[in-house]
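Here's the structure we're looking at; comments come further down.
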Amino acid sequence: MRPARALLALALLAAALPASGHEVMHEVRRGRAVAVRAWFPGGESLAYVQAEVFSPADEKVPHWKGRTDRNGWLAFVPDVGGKWRVRIVDATGHGLDTTVDVAAPDLPGSGSSDPPAGATSLALRPVAGVAVIAAVFAFLYLRGRRRAP
Amino acid sequence: MHVPDGFLSPVITRPAWGAAAPLWYWAARRNFGASATESLPILGSLTALAFVVQRLMIPVPGGTSAHLTGVAILAILYNPGVAFVCESLVLLLQALFFGAGGFTVLAVNALAMGLLGPGAAWLAYRALRGLSEPGAAFAGAYVGMQVATLAVALVLGLQHRLDPAYMPVPFEVTVAATMLPSLTVLGVVEGLFTVATMALLRRARLLHAR
């Protein structure tokens, strides 16, 4: 029985050692990444579109580079707090170049999210634009009438 | 079709501002003076309409969306200078309120979508209106859409050659991704929109003989 006990002890010892060789390590941590989604006002996602993320610590070399998923999402794991630049570049020239405020990792507030604009807000935007155009032309019209002989 | 902020470097945006600024001044003085007062309500309505149609995204094959410009009609009914000023106002509002386009690229977008496109529409309309007015309006709007789209694609392609960090997508991809929807869908819809709007204005007796 001695050889069997020795083999069992060796197996337990090997299992406790860190893996190495060709094994690929990975880590899953939830609530640690920042996810950004891009979509058109009509609701259509910017799917499979080129995207880059730049850290506030290095504005030249992308911290993350890739494509959005089929729903227009990208996600990255920040390693410093600050303003992270997110660029999403569609081949048609549409896209997004914005900054995302990130709290220092593992500090309170790092699990916050910026909710998308509500349906009411989105619906009111065109109305606001039309109202401004109407105001501009009404001003020009009234000014012209006042100056007319 | 709008080029967003951050996609073009100052090497392109500064000369564009330099070219657009005097044109805005000249076009506004020439077309929005006291003599234009009576046409301002229709101009305002068509500008508001252009603003709205540019917010409506049309899904096109390839997994993207595109939109009309709605300003060819301003060039056809008045002149390209009017279209340039009105489209610039639309682009400015979109940049300020919605983050569509942007302030640094405003001049580029205005020159492409507000001047080159409508200018081509105006020329095509004038060349063909002797044959058929609706046909000429349709052709003008169609051609204007192609010219505006190609201008945007050329600028993006130039930016890619100058510095890919601003525009990583090469010109061959950009021109295919922009021109195919424009040639097959957008030009046709822009043409139909222009003809329908002209017919509506004529029926309402708001379209004066020119």
Side-chain angles (χ1 to χ4, degrees), chain A residues 38-52 54 59-62 65 67-68 70 72 85-99 117 121-149, chain B residues 1-7 32-45 47-52 55-60 62-67 86 89-90 92-94 96-100 102 149 152-153 155-156 165-170 173-178 181-182:
Chain A
W39 70 96
F40 291 114
E44 190 186 354
S45 303
L46 269 78
Y48 310 123
V49 171
Q50 284 192 34
E52 295 173 327
F54 294 87
E59 296 175 356
K60 300 254 184 208
V61 180
K65 195 170 183 178
R67 287 182 181 271
T68 56
R70 68 178 295 175
R85 184 180 177 203
V86 177
R87 296 185 80 226
I88 299 174
V89 186
D90 184 24
T92 61
H94 291 106
L96 179 75
D97 190 340
T98 189
T99 55
S121 166
L122 286 173
L124 285 177
R125 286 170 155 194
V127 177
V130 170
V132 172
I133 291 170
V136 168
F137 279 90
F139 168 76
L140 291 173
Y141 180 76
L142 291 173
R143 196 187 66 164
R145 293 284 293 228
R146 200 169 293 163
R147 287 183 177 178
Chain B
M1 192 190 294
H2 304 53
V3 182
D5 264 340
F7 283 34
F32 292 86
S35 61
T37 302
E38 294 308 315
S39 61
L40 284 173
I42 295 186
L43 275 176
S45 303
T47 304
L49 194 59
F51 176 84
V52 171
R55 302 295 304 161
L56 301 175
M57 292 294 168
I58 301 171
V60 292
T64 186
S65 291
H67 59 79
C86 293
L89 175 62
V90 168
L92 178 65
L93 292 176
Q94 290 181 345
L96 290 175
F97 289 165
F98 308 138
T149 308
V152 169
V155 169
L156 291 169
Y166 281 90
M167 180 60 190
V169 183
V173 178
T174 304
V175 77
T178 54
S182 182

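Residue numbers start from 1 in every chain, and the chains themselves are labelled A, B, ... in the order their sequence lines are given, proteins ahead of strands.
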**Asked** Just by distance, do the side chain of A:Arg87 and the backbone of B:Met167 share a donor-acceptor pair under 3.5 Å?
**Response** no
**Prompt:** Does any heavy atom of chain A fall under 4.5 Å from the side chain of B:Ala176, the backbone, both, or neither of them?
**Reply:** neither
**Region of A:Val49 that comes under 4.5 Å of a non-hydrogen atom in chain B** = neither
**Heavy-atom pair of closest approach, residues A:Val130 and B:Ala48** = CG1-CB, 4.1 Å
**Message:** At a 4.5 Å cut-off on heavy atoms, which part of A:Leu96 comes close to chain B: side chain, backbone, both, or neither?
**Reply:** backbone
**Request:** Kindly give the heavy-atom pair with the smallest separation between A:Ile133 and B:Phe51, and that separation in Å.
**Result:** CD1-CB, 3.6 Å
**Message:** If you compare all heavy atoms of A:Gly144 against all heavy atoms of B:Thr37, which two are closest, and at what distance to 0.1 Å?
**Reply:** CA-OG1, 3.4 Å
**Item:** Side chain proximity check, A:Asp97 to B:Asp5, heavy atoms < 4.5 angstrom
**Value:** no
**Message:** Does any part of the side chain of B:His67, heavy atoms only, come nearer than 4.5 Å to the side chain of A:Phe40, both counted from C-beta?
**Reply:** no
**Prompt:** Can you find a pair of side-chain heavy atoms, one from A:Tyr141 and one from B:Ser39, that are under 4.5 Å apart?
**Reply:** no
**Message:** Considering only residues two or more places apart or on different chains, which pairs with a residue in residues 130-139 of chain A satisfy side-chain hydrogen bond (donor to acceptor under 3.5 Å, both in side chains)?
**Reply:** none
**Request:** Identify the heavy atoms of A:Asp90 and B:Val169 that sit nearest to each other, and give their distance.
**Result:** O-CG2, 4.5 Å
**Request:** Give the minimum heavy-atom separation between B:Cys86 and A:Phe137, together with the two atoms involved.
**Result:** SG-CZ, 4.1 Å
**Prompt:** What part of B:Leu43 is in contact with chain A, defined as an atom under 4.5 angstrom from a non-hydrogen atom: side chain, backbone, both or neither?
**Reply:** both
**Complete:** Sorted by chain and number, sequence neighbours left out, side-chain contact (heavy atoms from CB on, under 4.5 Å) with B:Val175 holds for B:Leu150, B:Ala153, B:Phe171, B:Met179
